A.B. asks: 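Structure below; questions to follow.
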Amino acid sequence: MSEKLFSQQLLAWFDQHGRKNLPWQQPATPYRVWLSEVMLQQTQVSTVIPYFQRFVVRFPDIRSLAEASTDEVLQYWAGLGYYARGRNLHKAAVIMAQQHNAAIPENFDALLALPGIGRSTAGAIMALAFQHRYPILDGNVKRVLCRFTAEPDWPGQKNIETALWQLAESLLPERRINAYIQAQMDLGATVCTRSKPDCHCCPLQTNCLGRQTGKPEHYPVRKKKPALPERHCRWLIYRQSEKILLEKRPEKGIWGGMWSFPEINIDMPMDAILARHAVDDMIDLTPIRHTFTHFRLQIIPLLIDINQHDQIETNDNQQWVTITDSLSLALPAPVNKLIQKLNRGVT
Ligand code: SF4
């Protein structure tokens with residue numbers, strides 16, 4: 001598909017469905033565009049509107065904002081979250097009051113040098129406030145482009161991000177740049193949404209590779225998490241006359257202070273352990289996998305029925321308890337599940 005077609009389709013859609021009456025568009029002065037772009041970083045339009053309206057009544061221009069105290073600016077920001085944005089906004093206003101004659105500079109590099117303005121925000125201000133041909137790559141645009149191209153890699157990777165910027169730049173139309181940038185934002189916010197892209201209503205659907213995969217919501221792909229290390233252990237479930245042997249886990253470590261089964265290293269030879277007791281029966285139960293934040297635990301449970309005439313010596317951290325009573329103790333989830341199974345006679 002030609003780059004031209006992309007912007008033509010988007011602009012035609014914008015004329016019918018785009019948002020043209022947002023408070024910062026009426027009028028779209030550079031000050032109001034800058035303010036809205038900063039407020040919209042990580043925040044939805046519907047949340048921003050009332051804050052924006054209150055803000056511009058109290059701070060109608062750069063000078064009034066620069067002359068206010070940071071505390072007062074933050075009072076008007078309170079509730080929007082990400083307060084560094086509010087602080088940076090104030091700092092930028094002070095700089096613009098001092099260095100730019102209390103005006104938003106019509107220069108990409110000068111914008112980029114201001115606190116709280118990154119490449120995408122600077123591009124948005126250049127396009128929306130001054131009608132200069134600059135691309136943006138905010139979360140919405142990134143999502144649309146990753147889906148449109150079915151980008152197979154995580155867009156946070158430097159080389160992928162660079163490629164997306166190049167693509168965004170190559171797609172810019174010669175004319176109506178402000179409408180086009182707004183259209184990109186609107187499409188991402190209202191049609192190509194994070195979890196439910198509405199491809200049937202999308203002007204880009206014919207050429208969208210993400211849609212052709214049948215799973216556009218799969219894009220942008222997430223960062224691959226490194227595989228968690230695996231650990232293995234064996235749980236010895238001693239059972240004797242409807243009672244099981246439980247052991248209190250050390251306070252430190254996983255499931256600290258909870259009741260579990262005696263645990264041994266997977267490499268420990270079983271013969272020596274079993275030789276200590278009169279064993280009536282022994283069953284290998286289905287292994288359990290449990291995932292912790294930093295590792296995966298593979299547990300091999302072994303049900304050992306001890307002859308009723310045998311006595312197992314217990315230490316202070318162990319107790320024989322009936323299956324029913326055990327369920328009222330503090331048990332890790334996999335232990336609880338295992339005991340429930342034993343209770344139902346399922347092994
Ligand atoms: S066709 Fe679907 S996935 Fe592709 S850009 Fe449009 S809404 Fe997003």
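Remember, it's 1-based here, ligands and their atoms both numbered in the order they're listed. Computed from a predicted model, the values in this text were never measured in an experiment.
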A.B. asks: Under the salt bridge (charged side-chain N to carboxylate O under 4.0 Å, His left out) test against Arg239, which residue among Asp310, Asp281, Asp305 passes?
C.D. replies: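 The option that passes is Asp305.
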
A.B. asks: May I have the list of side-chain donor-acceptor pairs in residues 213-223 shorter than 3.5 Å, sequence neighbours left out?
C.D. replies:
{"from": "Thr213", "atom 1": "OG1", "to": "Gly210", "atom 2": "O", "distance (Å)": "2.6"}
{"from": "Thr213", "atom 1": "OG1", "to": "Lys215", "atom 2": "N", "distance (Å)": "3.1"}

A.B. asks: Check for me: within less than 2.8 Å of atom 4 (Fe) of ligand 1, which protein N/O/S atoms show up?
C.D. replies: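 Per the 2.8 Å query on atom 4 (Fe) of ligand 1, atoms found are Cys208 SG.
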
A.B. asks: Which residue pairs pass the side-chain hydrogen bond (donor to acceptor under 3.5 Å, both in side chains) test when at least one of the two sits in residues 105-118, sequence neighbours left out?
C.D. replies: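 Sorted result for residues 105-118: Glu106-His132.
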
A.B. asks: Of all residues at least two apart in sequence or in a different chain, which pass the salt bridge (Lys or Arg N to Asp or Glu O under 4.0 Å) check with Glu169?
C.D. replies: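 Glu169: no salt bridge (Lys or Arg N to Asp or Glu O under 4.0 Å) contacts found.
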
A.B. asks: Is it the case that the side chain of Arg231 and the backbone of Phe295 share a donor-acceptor pair, with hydrogens and angles ignored and the cut-off at 3.5 Å?
C.D. replies: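 No; judged by distance alone, with no hydrogens or angles, the pair does not exist.
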
A.B. asks: One pair to check against side-chain contact (heavy atoms from CB on, under 4.5 Å): Gln319 and Trp259. What are the steps and the verdict?
C.D. replies: CA-CA 10 Å; Gln319 61 167 323; Trp259 289 90; 3.4 Å; yes

